[in-house]
Number of protein chains: 2
Amino acid sequence: MEEKKHLVGGISRKTLERLPVYHHYLERRDSEGLVNISAPVIALDLQLNEVQVRKDIAMVARSAGKPKTGYVVKDLIDDIEEFLGYHNTNQAVLVGAGSLGKALLSYRGFEQYGVEIVMAFDGDAKKAEQKVGEKMILPMEKLENLCRRMNIHIGIITVPADSAQEVCDRLVDGGVRAIWNFAPIHLNVPDHVLVQNENMAVSLAALSKYLYETDKDAARGNGV
Amino acid sequence: MEEKKHLVGGISRKTLERLPVYHHYLERRDSEGLVNISAPVIALDLQLNEVQVRKDIAMVARSAGKPKTGYVVKDLIDDIEEFLGYHNTNQAVLVGAGSLGKALLSYRGFEQYGVEIVMAFDGDAKKAEQKVGEKMILPMEKLENLCRRMNIHIGIITVPADSAQEVCDRLVDGGVRAIWNFAPIHLNVPDHVLVQNENMAVSLAALSKYLYETDKDAARGNGV
DNA sequence: TAGATTGTTAATCGATTAACAATC
DNA sequence: TAGATTGTTAATCGATTAACAATC
């Protein structure tokens with residue numbers, strides 16, 4: 001019953017993380033006119049292990065690579081796109097039209113990955129009824145109802161941590177099955193709902209920590 | 001020589017990811033007036049293993065927990081903040097004042113984690129010399145020079161993937177030692193530089209994939 | 001005291017890397 | 001053919017979980 005921890009659809013989380021990186025890399029190599037590519041070359045350029053590259057590719061490729069020549073770049077791109085579902089667009093709603101929320105609303109980049117934000121919700125009456133780009137900001141009251149009626153399955157949470165769990169519950173009530181959470185908080189959800197944490201605090205923590213440690217080492221080294 | 005892969009300052013990456021989650025959780029419990037807390041309770045609420053919680057705490061806590069009573073909530077909060085360096089602020093620059101970049105510029109939340117964005121750079125002359133909130137957007141020419149002069153060690157990359165590597169190189173030239181990369185691309189950096197990828201494409205891929213798989217399963221189940 | 005909880009050592013699990021036969 | 005590269009099986013490594021003695 002605790003399946004979804006490491007695997008999403010039979011593929012390890014780590015592999016899933018690398019696929020978009022391969023994808024972008026291959027697109028670039030393709031635009032340079034490269035036709036074939038081998039695992040060792042990919043591994044070298046992306047600083048990965050070549051066996052790992054081969055195994056990742058084996059998870060998604062529909063045709064095998066050829067010894068000596070490697071893989072067909074264009075095929076690999078297609079296979080990754082197909083596997084990640086870049087072509088079947090999912091509609092999403094965003095809750096919390098603060099600065100981060102508005103940025104995501106106006107960000108074009110997501111459609112490339114098959115996700116389209118169609119509208120936003122915000123508890124603040126002043127924000128509601130405004131528009132960001134083409135997208136309406138609606139009052140929270142309409143959330144569950146609209147999600148259900150429009151058959152929306154992805155919710156993006158950009159509210160402060162305090163209200164994130166409540167928003168999460170309401171999204172789930174509205175039929176949302178996948179949640180992209182920008183609040184630095186653990187969300188409790190039913191088993192059938194996937195939570196994807198975009199935890200910026202984590203990244204910042206890692207950065208600060210690294211600088212702190214290296215500064216400390218440097219100070220020690222210098223005898224300062 | 002390949003140390004920094006899993007560990008940042010002696011602590012495993014996974015533990016580092018959980019620390020901000022504990023931190024926020026403990027702040028909430030503290031605000032509820034809770035004085036002591038035990039690992040099993042934390043584990044239950046955050047859906048983690050209790051031994052894992054205890055080990056994570058052991059990495060950062062300066063005083064041991066007491067059998068039967070557990071840990072002092074306030075001490076734990078202090079210890080995590082101290083460990084993650086929330087108190088020693090690092091200045092950062094941001095490169096790429098598109099919609100995402102502007103959002104991060106105007107986002108208040110980072111200062112809480114010890115990172116302050118002091119200015120931004122953009123190649124577009126029209127954007128340069130504008131301001132977002134209190135923060136100047138400056139032309140790219142000044143990047144290396146200003147980073148050096150202001151002794152800035154964190155660079156945030158929000159340019160399109162095509163120019164990310166070039167921007168990265170220039171940040172490193174400017175003396176930046178930690179890079180927060182929002183472009184969906186692998187960055188090559190010298191050994192002493194830490195790259196933290198905030199790979200939104202990964203999250204979206206996981207979400208899409210999950211929905212696709214569960215829809216597929218449902219369709220199979222229904223015989224549709 | 002009895003029992004909940006700690007910290008730690010040992011067992012398990014998953015992901016990465018190495019070794020190698022197959023093949024174009 | 002010779003050798004680069006594939007796919008796969010086995011070994012290693014790290015992180016998670018289980019087991020347990022110590023203790024308040």
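Within every chain, numbering begins at 1; the chains are lettered A, B, ... in the order of the sequence lines, protein sequences first and strands thereafter. On a predicted model such as this, the values are computed, not experimentally measured, just so you know.
Stem regions annotated for DNA chain D: C:3-24 with D:3-24, counting only runs of 3 or more consecutive pairs of Watson-Crick or G-U type with both contacts under 3.5 Å.
Taking the nucleotide of DNA chain C with the nearest heavy atom to each of A/T69 and B/I37, the more 5' of the two is matched to B/I37.
Proximity of A/R54 to the phosphate of D/dG7: no side-chain N or O atom is located under 4.0 Å from OP1 or OP2. The phosphate of C/dT16 (OP1 or OP2) has a side-chain N or O of A/R18 nearer than 4.0 angstrom.
Of all heavy-atom pairs between B/K102 and B/A97, the closest is CE-O, 3.6 Å. Across all non-hydrogen atoms, the minimal contact from B/M59 to B/F83 is O-CE1, 4.0 Å. Between A/I117 and A/L104, the closest heavy-atom pair is CD1-O, 3.6 Å. Between B/D75 and B/S63, the shortest heavy-atom distance links the atoms OD2-OG, 4.2 Å.
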Nucleotide N/O to protein N/O under 3.5 Å, stretch nucleotides 1-4 of chain C:
none

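Remark: B/K14 does not engage B/E17 in a salt bridge, criterion side-chain N to carboxylate O under 4.0 Å.
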With a 3.5 Å cut-off and sequence neighbours excluded, list the donor-acceptor pairs that the side chains of residues 168-185 of chain B form with protein atoms.
unit_1	atom_1	unit_2	atom_2	d
B/D169	OD1	B/Q165	NE2	2.9
B/R170	NE	B/E144	OE2	2.9
B/R170	NH2	B/M140	O	2.8
B/R170	NH2	B/E144	OE1	3.1
B/R177	NH2	A/T214	OG1	3.1
B/R177	NH2	A/D215	OD1	2.6
B/W180	NE1	B/E198	OE1	2.9
B/N181	OD1	B/A183	N	2.9
B/N181	ND2	B/A183	O	3.1
B/N181	ND2	B/I185	O	3.2
B/N181	ND2	B/N197	OD1	2.9

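Atom pair B/D56:CG and C/dG7:P shows a separation of 12 Å (rounding to whole Å applied). Between A/E50 atom CD and C/dT17 atom P there is a gap of 11 Å when expressed in whole angstrom units. Across the protein-nucleic acid pair, B/R13 atom CZ and D/dG14 atom C1' stand 15 Å apart, rounded to whole Å. Look at OH on A/Y71: it is 6 Å from C1' on D/dT6, rounded to the nearest Å. Here C/dG7 presents its C1' atom at 14 Å from CE of B/M59, a figure rounded to the nearest Å. In this entry the distance linking CG of A/L16 with P of C/dG14 reads 17 Å, nearest Å. Separating the CD atom of A/Q52 from the P atom of D/dT8 is a distance of 17 Å, rounded to the nearest angstrom. Here C/dT16 presents its C1' atom at 17 Å from CD of A/Q47, a figure rounded to the nearest Å.
Distance alone, capped at 3.5 Å, places no donor-acceptor pair between the B/D30 side chain and the B/K74 backbone.
Using a 4.5 Å cut-off on side-chain heavy atoms (C-beta onward), B/L84 and B/Y113 make no contact.
Each of A/L46, A/T15, A/V60 was checked for a side chain to side chain contact (heavy atoms under 4.5 Å, CB included) with A/Y22, and the lone residue meeting it is A/L46.
In the set C/dA19, D/dA15, C/dT5, the nucleotide with an atom closest to the side chain of B/S38 is C/dT5. Considering only the side chain of A/A64, D/dG7 comes nearest among C/dT8, D/dT6, D/dG7.
Between the base of D/dT17 and the side chain of B/K55 there is a donor-acceptor pair shorter than 3.5 Å.
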